[in-house]
Amino acid sequence: MDGTLLLQAIAISVFCYLGALSTPWLLGLTGGWYTITRPLVSGMIVGLILGDLKQGILIGVAIQTVYIAMVTPGGQMPADLNFVAFPAIALAMLSNASTEVAVTLATTIGVLGTIVFNLYQVVNSFWNHRAVAAIQEGDYRKFRLNAIAGPQATNFISRFVPSFLVVYFGSGFAKSMLDSMPQYLIDVMSYLGGVLPAIGIAMLLTAVVKENSLFLFFLLGFVCIVFLNLNMIALTIIAAVIAYLYYTGSSKKSVVMSNGVIDEEDDEEEF
């Protein structure tokens, strides 16, 4: 038994539990689901644990773009981002997968993770019925047991155990599987992994951009990266300047329009 991998698998699985949707310990959803479960953050955490911070961040950034516009209405998830954020990134790093292949693996594991999440919700209905019965009986100790301890124990098991099994036992299998794959399958996975982040960005733009003219800014950023070869720092500075100028121009236009309306009203009153 590899002691180092054992400790790494335990640490990653604990973070997987702490970042779950129903875990309250890190300031509720603020520190858990909305912070450490973002692939950009979890990639850094997993990279630190596995001793390759740079690769962890690179994989995390690539996966983050896929899920950047994902929402969970009513607690329903098209993919379990928590399993994407921790065991999937760890599996990709331990199997020495490329960034594109890592995105494909993470997406697959995220979809499979919804099965675990739905099972967890079904089991929680058992604790809910017992908690309601405890309230009716006036037994507050039994209520706390069924409303807090029971669901969190179920949550821990549903997060820690699958994550641990994937990281500890799955890394060797995934590496052997990738090594034995013919090159054309690896190429297909790489192509899919390259397209998925673009889909995530497209979903975000569809949700955020309200005027078609604003797509020109996205096109400008694309030109700066692809044709002008600007790095992210330079692009960020340019984007900040353009955003400031656009905001200033829009504000002045709003003030002028508002003043014009006021002047017209004043003229009508004087007449």
Side-chain angles (χ1 to χ4, degrees), residues 1-23 25-26 31-33 35-64 66-67 70 77 79-120 123 152-181 186 189 192-193 196:
M1 180 178 290
D2 189 338
T4 301
L5 181 58
L6 176 64
L7 293 176
Q8 290 171 336
I10 291 173
I12 292 170
S13 301
V14 168
F15 274 107
C16 184
Y17 163 69
L18 292 175
L21 186 62
S22 302
T23 303
W25 312 125
L26 296 180
W33 180 255
T35 301
I36 67 171
T37 291
R38 301 303 100 177
L40 180 60
V41 179
S42 67
M44 179 190 69
I45 294 172
V46 173
L48 283 172
I49 294 173
L50 297 181
D52 192 346
L53 179 61
K54 179 181 178 181
Q55 184 64 12
I57 292 176
L58 289 175
I59 292 177
V61 168
I63 294 175
Q64 179 70 72
V66 179
Y67 298 96
M70 191 186 83
M77 293 186 289
D80 195 318
L81 189 60
N82 185 241
F83 281 124
V84 169
F86 290 100
I89 291 179
L91 182 63
M93 291 186 63
L94 290 170
S95 59
N96 296 322
S98 66
T99 303
E100 294 79 11
V101 174
V103 170
T104 306
L105 287 174
T107 306
T108 304
I109 292 175
V111 174
L112 294 177
T114 57
I115 299 173
V116 177
F117 180 74
N118 291 331
L119 179 62
Y120 165 70
V123 174
Q152 282 307 306
T154 304
N155 186 27
F156 179 81
I157 293 172
S158 68
R159 294 290 149 182
F160 183 90
V161 174
S163 177
F164 178 83
L165 293 177
V166 167
V167 175
Y168 189 76
F169 295 103
S171 57
F173 172 76
K175 189 175 187 307
S176 300
M177 181 183 67
L178 291 175
D179 290 341
S180 62
M181 277 185 179
I186 299 294
M189 294 179 68
L192 289 176
L196 288 172

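- Using the six-membered ring where Trp is involved, Phe164 and Phe169 have ring planes that are perpendicular, over 60° apart on the 30 and 60° scheme.
- Within the 4.5 Å cutoff, no side-chain heavy atoms of Asp80 are placed close to those of Ile115.
- A distance of 9.0 Å separates CG of Leu26 from OG1 of Thr37, quoted to the nearest 0.5 Å.
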Open item on the list: For Gln55 and Thr99: C-alpha separation, side-chain torsions, deciding distance, then whether side chain to side chain contact (heavy atoms under 4.5 Å, CB included) applies.
Closed with: CA-CA 9 Å; Gln55 184 64 12; Thr99 303; 4.3 Å; yes

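- Residue-environment remark: CZ (Phe83) exceeds the threshold of 12 foreign heavy atoms within 6.0 Å.
- Considering CE of Met44 and CD1 of Ile89, their distance stands at 11.5 Å, rounded to 0.5 Å.
- Between the side chain of Gln152 and the main chain of Ser22, a donor-acceptor pair closer than 3.5 Å is present.
- Taking CG from Leu105 and CG from Leu91, the interatomic distance works out to 6.0 Å, rounded to the nearest 0.5 Å.
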Open item on the list: Could you walk me through whether Leu21 and Phe117 satisfy the side chain to side chain contact (heavy atoms under 4.5 Å, CB included) test, starting with their C-alpha distance in whole Å, then the side-chain angles of each, then the deciding distance to 0.1 Å, before giving a yes or no?
Closed with: CA-CA 9 Å; Leu21 186 62; Phe117 180 74; 3.9 Å; yes

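- Under the 4.5 Å side-chain criterion, counting only non-hydrogen atoms from C-beta, Ile12 is in contact with Ser163.
- Nearest heavy-atom pair, Ile59 versus Ala92, reported as atom, atom and distance to 0.1 Å: CD1-CB, 4.3 Å.
- Scanning both residues, Val46 and Met93, for their nearest heavy atoms gives CG1-SD, 4.0 Å.
- Going from atom CG of Leu18 over to atom OG1 of Thr23 covers 6.5 Å, rounded to the nearest 0.5 Å.
- With hydrogens and angles ignored, the 3.5 Å screen pairs no side-chain donor or acceptor of Arg159 with any backbone N or O of Gly19.
- Taking 4.5 Å as the limit, some side-chain heavy atom of Leu50 sits within range of a side-chain heavy atom of Leu94.
- Taking each heavy atom of Gly110 and Val84 in turn, the nearest pair found is CA-CG2, 3.4 Å.
- Within the 4.5 Å cutoff, the side chain of Ser42 has no heavy atoms near those of the Ile36 side chain.
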Open item on the list: Please determine whether side chain to side chain contact (heavy atoms under 4.5 Å, CB included) holds for the pair Val167 and Phe86, giving the CA-CA distance in whole Å, both sets of side-chain angles, and the decisive distance to 0.1 Å.
Closed with: CA-CA 9 Å; Val167 175; Phe86 290 100; over 6 Å; no

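- Residues Asn82 and Trp33 have side chains in contact (heavy-atom distance under 4.5 Å, counting atoms from C-beta outward).
- At a threshold of 4.5 Å between non-hydrogen side-chain atoms, the residues Ile63 and Thr107 do not count as touching.
- Here the side chains of Tyr120 and Ile157 are not in contact, with every heavy-atom distance at 4.5 Å or above.
- When each of Val61, Val66, Leu81 is paired with Pro39, the side chain to side chain contact (heavy atoms under 4.5 Å, CB included) condition holds for Leu81 and for no other.
- Put simply, CZ on Arg38 and OH on Tyr67 are 11.5 Å apart, with the number rounded to the nearest 0.5 Å.
- For Thr108 (side chain) and Thr104 (main-chain N/O), a donor-acceptor pair under 3.5 Å exists by modelled atom type.
- Taking the six-membered ring for Trp and the full ring otherwise, the centers of Phe160 and Tyr17 sit at least 6.0 Å from each other.
- Side-chain contact between Pro87 and Cys16 is present, with at least one heavy-atom pair separated by less than 4.5 Å.
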TODO: Begin with the C-alpha distance, continue with both residues' side-chain angles, and end with the deciding distance and a verdict on side chain to side chain contact (heavy atoms under 4.5 Å, CB included) for Ser158 and Val116.
DONE: CA-CA 7 Å; Ser158 68; Val116 177; 4.0 Å; yes

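- Minimum heavy-atom separation, Ala62 to Val103: CB-CG2, 3.7 Å.
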